[in-house]
Asker: 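Can you read through this structure? Questions will come right after.
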Amino acid sequence: MPNKRKLFKRWLFRIFRKNETAIHELNYLFWECTWRCNLACRHCGSDCQASATVPDMPIEDFLNAIEPLQHRYKRNTTIVAITGGEPLLRPDLADCGRALRKRGLRWGIVTNGMLYNEAMHQRLTQAGLGAVTVSLDGLEENHNWLRGNPLSFKNALNALRIISQSHLAYDVVTCVHQRNLNELPQLKELLLTNGIQHWRLFTIAPIGRAVQNDELQLSGNQLKQLLQFIADTRKEGRIDLKFSCEAYTGDYEERVRDSYFFCRAGINIGSILIDGSISACPNIHRSYVQGNIYHDDLLDVWENRFEKMRDRSWMKCGPCAKCNDYKQCLGGAMHLRDANGKILHCLHRKTR
Amino acid sequence: MFKKLQFKKRQLLRVLFGSFTATALMFVFQACYGMPNEDFLLCIHGQVISEKTGAPIPNIEVQSNANGTIVRTDAQGQFDIDVPFQEQLGLTFRDIDQAANGQYATLDTVLNDYTGESVLIRMKSIRNAE
């Protein structure tokens, strides 16, 4: 009986997903506002550099690009996720945020927390900041190893203490790899001790700098250990923990997240990259770029392109061609496809 | 025409999903590399002063009409209140200590498209109001 219920829920979800794909409302827009970064993380999937020669995108360019969206969507239905690089390196970040608020857009940042202190918190919340995600990749030694900076852990934890005591929606993200997998229980206690309640775990995709480091990839058994840890912790109920929506997890689907895996890249999620490129998510291979704000209309691109993201039948190739779970997974997340459409890795296959 | 009808049908289906299948979580999603998209609050910063004298008024109760949150102004008349993210934000200001800091008439106000700047609230003393 429970199995029938599960199958029914999954069937219902697939109808929902098909409907969402047809509607494809742009609800979540990334803005890669800078390529500058104050860290050089071993696993970074971005193409950013510590001293990027690429200039930050002027806020006016971004605002001009999103202008047509305001005629298409109701106010407050779109959230802008400001990312980088490290967005806190932009001295005009609060001004950018205020300009977005004035246009009825909600906004938040994804940060490493290095520069997030009380003064920064005041400045940004007074500009309407609503949500923050901070990276914390293990206990001190492992976090600093991955981030390549001895102060990184201390600063990130300090940022989280400030944020978790405020009104902001927030979560901590931890990239799990071979070195920090076994310390997740201790990290959980550390977060709870510091009043941090929302936690999200990732694996590291073999893209960007992570390609060069095998230690960052989990084996099948390690991946099972991770998913079981998430399932057990969720059952325990002391902290709001979830697995990121980065991949389909087979039998773990109902136990590791609040909802099913659904790669919404190009369906509800778009991005404007540092050079003006219009893409789905910033970490998707740049060969899937759909246009450029400097010579295309963002709304026109959103409404009429992105075919590869909205019809994923082309993903049914290679190992996906014979996979029984394809109809539920639809070929996995877009960022795990290379320029030729080949899947880089499949977590579901790893756990079998 | 057909396209429009199809779109309306899909929108209707979407509403039905939200209403009948308890799948609200499906609508509040988070991009895998992005920040949370739910429980989104705004913090309103402001100061309450006397309309007549311009002096800050401490101990005024500030209530959000949307979520019922209540805070009080500090000695400088300042307050911070967390409210749901809405275009129109209704706030009520009440004098709860009566004569202790002067008597002021209850004030209902609506902020449109709050952008994060500090707001200045001027309350009328009851004598002035009369």
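Naming: A, B, ... by sequence-line order, numbering from 1 per chain.
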Asker: Go through the atoms of A/Thr83 and report whether side chain, backbone, both or neither lie under 4.5 Å from a heavy atom of chain B.
Answerer: neither
Asker: Please check if the distance between the ring centroids of A/Tyr260 and A/Phe16 is under 6.0 Å.
Answerer: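 No, ring centres 6.0 Å or more apart.
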Asker: Under a 4.5 Å heavy-atom cut-off, does chain B meet the side chain of A/Phe202, its backbone, both or neither?
Answerer: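 For A/Phe202, the side chain is the part near chain B, not the backbone.
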Asker: If you count heavy-atom pairs under 4.5 Å with chain B, which of A/Ala333, A/Ala131, A/Cys281 comes out on top?
Answerer: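 Going by pairs under 4.5 Å, I would pick A/Ala131.
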Asker: Can you tell me which portion of A/Ile109 sits under 4.5 Å from chain B's heavy atoms? Options are side chain, backbone, both or neither.
Answerer: backbone
Asker: Heavy-atom pairs under 4.5 Å with chain B: which of A/His167, A/His198, A/Lys18 has the most?
Answerer: A/His167
Asker: Does B/Arg122 come within less than 4.0 Å of B/Glu51, counting only side-chain N to carboxylate O?
Answerer: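 So B/Arg122 does not pair with B/Glu51 through a salt bridge.
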Asker: Give a yes or no on whether B/Arg72 atom CZ has more than 12 heavy-atom contacts from other residues, nucleotides or ligands under 6.0 Å away.
Answerer: no
Asker: Tell me whether the NZ or CZ atom of A/Arg234 lies within the 45° cone about the ring axis of A/Trp199 and under 6.0 Å from its centre.
Answerer: no
Asker: I'd like to know if the side chain of A/Glu86 pairs up with that of A/Thr111 as donor and acceptor (distance under 3.5 Å, no hydrogens or angles considered).
Answerer: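 Yes, a side-chain donor-acceptor pair sits under 3.5 Å.
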Asker: Between A/Leu330 and A/Tyr248, does a side-chain contact (heavy atoms from CB on, under 4.5 Å) hold up when you go through it step by step?
Answerer: CA-CA 9 Å; A/Leu330 283 188; A/Tyr248 175 71; over 6 Å; no
Asker: Before accepting this row, confirm whether a basic side-chain N of the pair A/Glu254/A/Lys9 lies closer than 4.0 Å to the acidic partner's carboxylate O.
Answerer: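 No.
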Asker: Look at A/Leu168, A/Val110, A/Val134 and state which one has the largest set of heavy-atom pairs under 4.5 Å with chain B.
Answerer: A/Val110
Asker: Specify which of A/Arg98, A/Glu246, A/Arg17, A/Glu25 makes the most heavy-atom pairs with chain B at under 4.5 Å.
Answerer: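 Heavy-atom pair counts peak at A/Arg98.
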Asker: When heavy-atom pairs shorter than 4.5 Å are enumerated against chain B, which of A/Ala99, A/Gly130, A/Ser166, A/Ala22 gives the highest number?
Answerer: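 Greatest number of close heavy-atom pairs with chain B: A/Gly130.
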Asker: Given that the side chain runs from C-beta out, which part of A/Val172 has a heavy atom under 4.5 Å from chain B: side chain, backbone, both or neither?
Answerer: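 Neither the backbone nor the side chain of A/Val172 comes within 4.5 Å of chain B.
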Asker: Against chain B, label A/His335 side chain, backbone, both or neither, depending on which of its atoms sit under 4.5 Å from a heavy atom there.
Answerer: side chain
